Amino acid sequence: MTHTSEAVAAKYRLDYQAPHYLIDTIDLDVQLGEEKTRVTAISRVRRNGEHNEPLRLDGDEMELITVAIDGRPFGDYRLLPGGLELANLPAEFVLTIETDIDPAANTALEGLYKSGDAFCTQCEAEGFRRITYYLDRPDILARYSTRITADKGKYPYLLSNGNKVASGDLEGGRHFVQWQDPFPKPSYLFALVAGDFDVLRDHYVTRSGREVALEIFVDKGNLERADFAMESLKKAMKWDEERFGLEYDLDIYMIVAVDFFNMGAMENKGLNIFNSKFVLANPATATDLDYHGIERVIAHEYFHNWTGNRVTCRDWFQLSLKEGLTVFRDQEFSSDVGSRPVNRINNVRTIRGPQFAEDAGPMAHPIRPDVVIEMNNFYTLTVYEKGSEVIRMMHTLLGEEKFQAGMRLYFERHDGTAATCEDFVCAMEEASGVDLGRFRRWYSQSGTPELTVCDEFDAASGEYRLHVSQHTPATLDQAEKLPLHIPLAIELYDQDGNVLPLQRAGQPLHSVLNVLESEQTFVFDGLTQRPVLSLLSDFSAPVRLDYPYTEETLAFLIAHARNEFARWDAAQTLINQAVMTNAASVGRGEGIAFSPTLLSAFVAVLGDETLEPAFKAELLTLPGEGTLLELFDTADIDAIHTVRRALQQSLAVAFGSRLDELHEALKAERYENNHVAAARRALRNVLLGYRVARDGDKADDLVAAQADQSDNMTDLLAALQVANGFLLPCRTRLLAQFEAKWAHDGLVLDNWLRLVGTKPADDVLAEIRGAMAHPTFSIRNPNRVRALIGSFAAGNPVQFHAKDGSGYRFLADQLVVLNEVNPQTASRMITPLIQFKRLDEGRKALVRAELERLAALPNLAADLFEKIDKALKM
Ligand code: TRP
Ligand code: ZN
């Protein structure tokens, strides 16, 4: 499970070699037992080409029992660290391997493990090698059959990929089920589940009239929390038929919800396994945000059936081929069934906050990485979210029709195979005729490009010139950067807010400019006055932007830009500028002040009755401290916190009585679970925050009343968050009540753990330690760990970065434990500790000391080693 640092070896993308052997079928026989599971794997293997290379199988954390070739015991093998090597093999043979594994001891949650009373698997990226010795790489596509045997009383449901082909009772109270998956697949898509569940059953009739059985398996007693997941699944199936012309291909689609899971969910063929967080919901337990997460993740895993499973990745360096594309597809789904601007705004928040931070930190990598030590470390915001932005840019450059033609060509060419990112770009290019030559650099270059724009207007000729320069700062992984193909969407307005046509010499010009060079000038004519410029509509490229916007122009764009994203973006820029100016003045020991232009722009937003409530809520939501931190070369965390608080208070004062009226008016008679009602809740709860920012403890009754009277989790938690964030008198009582009510429901209790982790007070570590002793907290459960420790490290910047280093020390102490228990989760949790670039020298030294302490651990996992090693080179 763990490695010493000498044992970790880097792998390089350019070293890819076709496999020496291929596997056509694998028949698995799994005899389940808690501490001992016997796996017999019978594979048909054939040599790939003429050579005398041995067969090197991957394997980890297992005991080898026997090896046989063509039914006869075979002795010409060597056990290596991480594998098994067989020599002197015929060109074609049947390989039988028996292994024993111990699922109960598997706390890493990779391979076969126990989640509560159930058995389940997680094989992506390299977990199958903990189940049997195998060619555990995604370009080995085999047909699987799986026979599972287990105690019938404890494990009435035995599930695997594909179709159920046989089942029966055995002696000793055991039974078996046999599954056959007709689609050849890579090992990372293998899944097995055994347990006792409640099952929600439904069906879906595909566009071509095939009936698909849909089954969602949940822990007993949770059936009434599975309906929304089922509705989301059917919605996703329909959407993929309508927008992408893609239909489901098996007769059954199963989803199993488990409590112990390292990530969100996994797209195993026909048998998705989900973190229960992304399945279970009802109004009493789930917030509107939780519902949205379920809809999104259910759709994401479903969409993988085509983009991931039917066409998979040749090697793990190509991960963004399936992930970037599938995130793009799930974002489009969310935007088509919900609010497009609100979805876009939140996706851009993720890019500009955590993804830009990743790009600027020690883990910077291209969306198609070149070098990897631990593959689990590359399921990143860069591969997923920036990967999706890269697909989105192609969509922008090609347009929907040509993009869909590219998708069709991609499936025509690559269905049933393991492909590369280059294959995808080629299909897009050839189907559309659009040159993506320079665009390909987005796949090979890491870091965030910076666009600097300046403009000039020549009244005499009516010419408006835009000078655009691009520059990508060096990253730890890549010193040299080249110019990229950046689609820059712009709009020009006259002083009254009318959109001006883009033209030159009588020819209309496209609103998406192709920025290709380090320096480029774009000229427009036919203008009678200096236009107002709006840049990067819909965030047409994942870049930082530098343009000398005045406050007046930004206020104008908030009011007039026709693209809703652009309005929100102008509001963000206005806030960012004010935060930067004021943080600097706080640093000089001077006061804080916000301009009348800024205040009146937001007063106008509050009063604008034409705005959709959901969009208005986004406009009025201030950027988090973590996002603001990214604006500075050296960030003064306390100053940022102070300025952000002061801004919220000044805005609330400027809003006047209108704030209270609107807040009251948004109160709903009773809870309804739909987009319109959720939008009103969102806006109302943003306004609650402003009222408390203005009134302080005088708002205690208001907040307590909302908590006490709420009939849904969204409103209850919003009240608790405000009580917690402003340390209101009602905080203690409300948190205690919540804990008492939900003590036995881990998923709901996670909200309480997050409140504890984000308490903005000096005694937060004492409260966190108290919560770690809660009977429902377990260091083995990644959801609990992320809710409590992750929220502290990533969501409580002032306390995490405490000057005495106590926050860093606490996180490092937990990582020492997690390194042994669950390296994947440890590695996700270390992020705030390795992104120290913007800290002052004193804090940097404290962080480094903790990283060095971790680096010296005797059993440092490869996951942590890779990140710490890089961080210490920053
Ligand atoms: N492929 C999965 C997805 O995108 C995510 C995934 C990768 C994963 N590795 C994992 C999930 C390990 C759980 C554990 O949805
Ligand atoms: Zn995915």
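Any value given below was found using the heavy atoms of this structure, including those in side chains, with hydrogens, waters and symmetry copies removed. All values derive from a computational prediction rather than experimental measurement. Both ligands and their constituent atoms are indexed starting at 1 by order of listing.
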Geometric N/O contact [X] with ligand 1, under 3.5 angstrom:
| X | value |
| --- | --- |
| Glu301 | yes |
| Ala265 | yes |
| Glu267 | yes |
| Glu323 | yes |

Check your understanding: Which is closest to atom 3 (C) of ligand 1 in terms of heavy atoms, Tyr188, Phe274, Tyr384, Phe378?
Key -> Tyr384
Check your understanding: With respect to atom 8 (C) of ligand 1, which of Met375, Glu110, Met263, Glu124 exhibits the smallest heavy-atom separation?
Key -> Met263
Point to revise | Side-chain heavy-atom pair Arg225, Val218 within 4.5 angstrom cut-off | key: no
Check your understanding: Just wondering, do Asn819 and Leu860 contact through their side chains at under 4.5 Å, heavy atoms?
Key -> yes
Using a strict cut-off of 4.0 Å, indicate which atoms of ligand 1 neighbour a heavy atom of [X].
| X | answer |
| --- | --- |
| His300 | 3 (C), 4 (O), 15 (O) |
| Met266 | 1 (N), 2 (C) |
| His304 | 3 (C), 4 (O) |
| Lys322 | 1 (N) |
| Gln122 | 8 (C), 10 (C), 12 (C), 13 (C), 14 (C) |

Review point. What's the verdict on ring-ring contact (aromatic ring centres under 6.0 Å, His included) for Phe217 and Tyr157, showing C-alpha distance, side-chain angles and the deciding distance?
Key: CA-CA 9 Å; Phe217 296 79; Tyr157 291 99; 5.5 Å; yes
Exercise for review: Would you check if the distance from the ring center of Phe411 to the ring center of Phe244 is below 6.0 Å?
Suggested key: no
Review point. Is the gap between the ring centers of Tyr204 and Tyr248 under 6.0 Å?
Key: no
Exercise for review: Carefully, step by step, assess Lys234 and Asp202 under the rule salt bridge (Lys or Arg N to Asp or Glu O under 4.0 Å).
Suggested key: CA-CA 9 Å; Lys234 289 188 285 183; Asp202 205 331; 2.7 Å; yes
**Study point:** Angle, NE2 of His304 through the Zn ion (ligand 2) to NE2 of His300 - 10° precision
**Key:** 100°
Check your understanding: Minimum heavy-atom separation for Phe261 to Leu109, with atom names?
Key -> N-CD1, 3.8 Å
Exercise for review: Go through Arg296 and Glu301 one step at a time and tell me if the salt bridge (Lys or Arg N to Asp or Glu O under 4.0 Å) criterion holds.
Suggested key: CA-CA 9 Å; Arg296 176 176 62 79; Glu301 305 312 329; over 6 Å; no
Check your understanding: Taking NZ, NE, NH1 and NH2 as the nitrogens, is one of them in Lys235 or Asp336 under 4.0 Å from a carboxylate oxygen of the other?
Key -> no
Review point. Which is the closest N/O/S atom of Glu323 when seen from the Zn ion (ligand 2)?
Key: OE1
